[in-house]
Amino acid sequence: MKHIFSILSLLIGLAMLIGCGHKDPSHAEAEQGHDHVCGMAVTEWQDSLELFAEWPHFVAGESSEAVLHFTDLRTFEPATDGPLTVNWKRNNQVIKSDRADRVARTGIFLMSLTPPPSGSYDLEFVLAGRDMAGTVVVFDVTVYPNEAAVPHEEEAEHPDEISFLKEQQWKLKTKTVVVERRMLHDNLRAPGELKPAGDRASEVFAPFAGVLMPDPSSGAVRHGQQVTKDQPLAMIAPSPSAENSWYELVSQYRLAKLEQERVTKLAAEGAVSNRRLEEARQSLLARQAQLQAALGGGELSDLDLENSRFIVRAPRTGVIAHHLITYSSFVPAGEALFRVVDPSVVWLEIYVAAADAPKVRNVSQAYFTVSGSERLYSTAELGGKVVAAGSVLDPETRRLPVIFELPNPDLQLSPGTVVQVHLRTQSGREAMAIPRSAIV
């Protein structure tokens with residue numbers, strides 16, 4: 001099985017390194033001999049910031065040059081401006097502060113720090129740049145009373161090691177994350193497709209046979225066009241083959257309507273009986289029912305009685321997903337003309353292989369990628385939910401459908417897109433993990 005995160009048996013970093021380590025030749029002088037005063041190299045990830053810092057051991061009353069690298073963990077870009085304030089704190093009280101107003105060069109602050117009297121302090125770094133801000137604290141930093149108290153260690157030779165400076169990492173867009181224990185779930189890889197949500201797509205059919213024409217008020221509509229509910233999409237004029245029956249129905253309805261209006265006026269003047277008025281009303285209702293049946297459920301208000309033409313309207317607000325006809329062409333009764341889709345909600349339909357069918361029970365999350373893009377979408381982050389997890393295989397594909405409903409307010413997901421899906425199962429285990437993108 002493949003995982004969104006892969007297990008490593010070797011830890012690839014420490015939050016804090018204390019020792020002699022290698023120096024950056026761009027800002028640290030080479031030290032002669034092997035028995036010498038060592039310094040500290042510190043890496044901390046806090047408050048959306050990464051701090052990599054180097055400085056010699058601190059001695060009370062003596063200044064030490066500190067090299068401070070700041071990286072934004074959201075963009076992995078280096079800091080470009082300050083100010084940076086360094087606070088020496090004990091028992092949550094600031095004992096002393098130092099400040100640098102700007103970077104010495106992109107991403108790096110060079111500061112001369114003179115510590116307070118000997119003891120243990122928390123070193124607080126407060127960055128307040130325009131585009132990057134936050135606080136990083138390095139705990140339990142020792143200030144020695146004099147040089148004699150500083151531990152002397154012999155620097156080990158590491159001829160096979162290769163230095164990888166922060167400046168190089170920034171240029172190569174290298175990202176740094178903390179290795180941590182995570183719950184890793186087995187994942188099923190399967191093809192999928194983004195489709196319009198089942199209750200958010202409407203088909204528009206021809207209510208009777210005729211010639212399809214653009215509506216004079218809105219003109220011709222095209223695939224992908226935004227439309228609003230009840231917007232005219234086209235007009236249908238009866239074809240010669242349907243002319244007699246259609247015109248007869250329209251004519252009978254029009255005459256019945258005029259007769260009902262005439263008898264109503266006469267009844268108001270007492271010139272006809274109530275029975276005659278009721279007969280006229282029933283005749284109109286009968287002709288109206290016949291006409292509505294011929295329209296296939298269309299509204300009589302969309303019928304131009306003078307020209308016997310019918311206005312085809314959008315059944316919902318959305319996008320023309322399919323345009324299946326050509327204007328000025330003949331369309332038979334019941335022909336599909338348009339498909340109007342509301343893309344603000346889509347379905348992710350996944351096709352799981354028959355062999356993996358038992359593993360999709362109680363699924364709750366999936367990850368997917370769209371062809372041509374490296375972005376990994378999460379159904380959980382999109383606010384998706386499972387609407388169907390089939391228990392019966394499709395007889396043709398021999399696959400089991402699993403459907404997620406996904407809100408799509410920004411229309412970033414296009415119905416009809418084929419995607420590759422990692423379907424998360426319930427089985428899993430806790431292990432040390434790194435992002436999948438870290439594996440080369």
Side-chain angles (χ1 to χ4, degrees), residues 11-24 27-28 36-74 76-104 107-153 165-166 169 176-181:
L11 298 180
I12 59 174
L14 296 176
M16 179 180 288
L17 302 177
I18 303 177
C20 296
H22 292 283
K23 302 293 183 183
D24 184 341
H27 54 67
H36 62 280
V37 176
C38 295
M40 294 185 64
V42 177
T43 302
E44 288 286 351
W45 296 273
Q46 297 171 21
D47 205 11
S48 299
L49 294 177
E50 178 196 83
L51 165 66
F52 171 64
E54 296 177 291
W55 56 69
H57 286 302
F58 291 115
V59 176
E62 296 185 10
S63 63
S64 297
E65 295 298 322
V67 185
L68 312 172
H69 308 68
F70 280 91
T71 306
D72 191 329
L73 290 178
R74 298 165 299 182
F76 294 95
E77 295 290 335
T80 57
D81 62 359
L84 172 66
T85 303
V86 180
N87 297 318
W88 297 83
K89 300 181 72 173
R90 176 182 286 173
N91 298 326
N92 247 0
Q93 299 294 318
V94 176
I95 307 301
K96 186 179 183 300
S97 294
D98 295 284
R99 176 187 169 103
D101 290 324
R102 61 184 63 86
V103 295
I108 301 175
F109 292 87
L110 300 179
M111 296 185 67
S112 180
L113 301 179
T114 302
S118 60
S120 180
Y121 297 87
D122 296 333
L123 213 49
E124 180 184 66
F125 300 85
V126 182
L127 180 61
R130 290 187 301 272
D131 301 321
M132 189 183 307
T135 301
V136 179
V137 180
V138 180
F139 297 95
D140 299 325
V141 175
T142 300
V143 176
Y144 296 95
N146 50 55
E147 290 285 353
V150 175
H152 287 64
E153 301 174 5
L165 308 180
K166 285 302 298 183
Q169 296 176 37
T176 306
V177 296
V178 179
V179 178
E180 58 187 357
R181 297 190 71 82

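- Distance check, rounded to the nearest 0.5 Å: CD1 of Ile108 to CZ of Phe52 gives 10.0 Å.
- Atom CE of Met132 is separated from atom CG of Leu84 by 11.5 Å, given to the nearest 0.5 angstrom.
- Taking every heavy atom of both residues into account, Gly107 and Pro78 meet most closely at CA-CB, 3.6 Å.
- Within a 6.0 Å sphere centred on CZ of Arg181, heavy atoms belonging to other residues, nucleotides or ligands number more than 12.
- Note that the OH atom of Tyr121 and the NZ atom of Lys89 stand 14.0 Å from one another [nearest 0.5 Å].
- Atom CZ of Arg102 has 12 or fewer heavy atoms from other residues, nucleotides or ligands within 6.0 Å.
- Between the Asp122 side chain and the Val137 main chain, no donor and acceptor come within less than 3.5 Å of each other.
- The distance from the CD atom of Glu44 to the CG atom of Leu49 is 11.5 Å, given to the nearest 0.5 Å.
- Between Leu68 and Ala53, the shortest heavy-atom distance links the atoms CD2-CB, 3.5 Å.
- Here the shortest heavy-atom pairing between Val143 and Ala60 reads CG1-N, 3.6 Å.
- Residues Glu65 and Pro56 share a closest heavy-atom pair of O-CD, 3.4 Å.
- At least one side-chain heavy atom of Val86 sits less than 4.5 Å from a side-chain heavy atom of Leu123.
- Here Lys166 pairs with Glu50 in a salt bridge; the nearest charged N to carboxylate O distance falls below 4.0 Å.
- For Asp47 (side chain) and Thr135 (main-chain N/O), a donor-acceptor pair under 3.5 Å exists by modelled atom type.
- One N or O on the side chain of Asp72 and one on the backbone of Arg74 form a donor-acceptor pair closer than 3.5 Å.
- Using modelled atom types, one side-chain atom of Asn146 and one backbone atom of Ala148 make a donor-acceptor pair closer than 3.5 Å.
- Interatomic distance, Ser64 OG to Phe58 CZ, rounded to the nearest 0.5 Å: 5.5 Å.
- Contact of the Val141 side chain with the Val42 side chain is not registered, since no non-hydrogen atoms from C-beta on lie closer than 4.5 Å.
- When all heavy atoms of Pro151 and His57 are compared, the pair lying nearest together is CG-NE2, 4.2 Å.
- From Asp81, atom CG reaches atom CZ of Phe109 across 7.0 Å, with rounding to the nearest 0.5 Å.
- Closest approach of Trp88 to Pro116, counting heavy atoms only: CD2-CD, 3.5 Å.
- Atom CG of Asp101 has more than 12 neighbouring heavy atoms from other residues, nucleotides or ligands inside a 6.0 Å radius.
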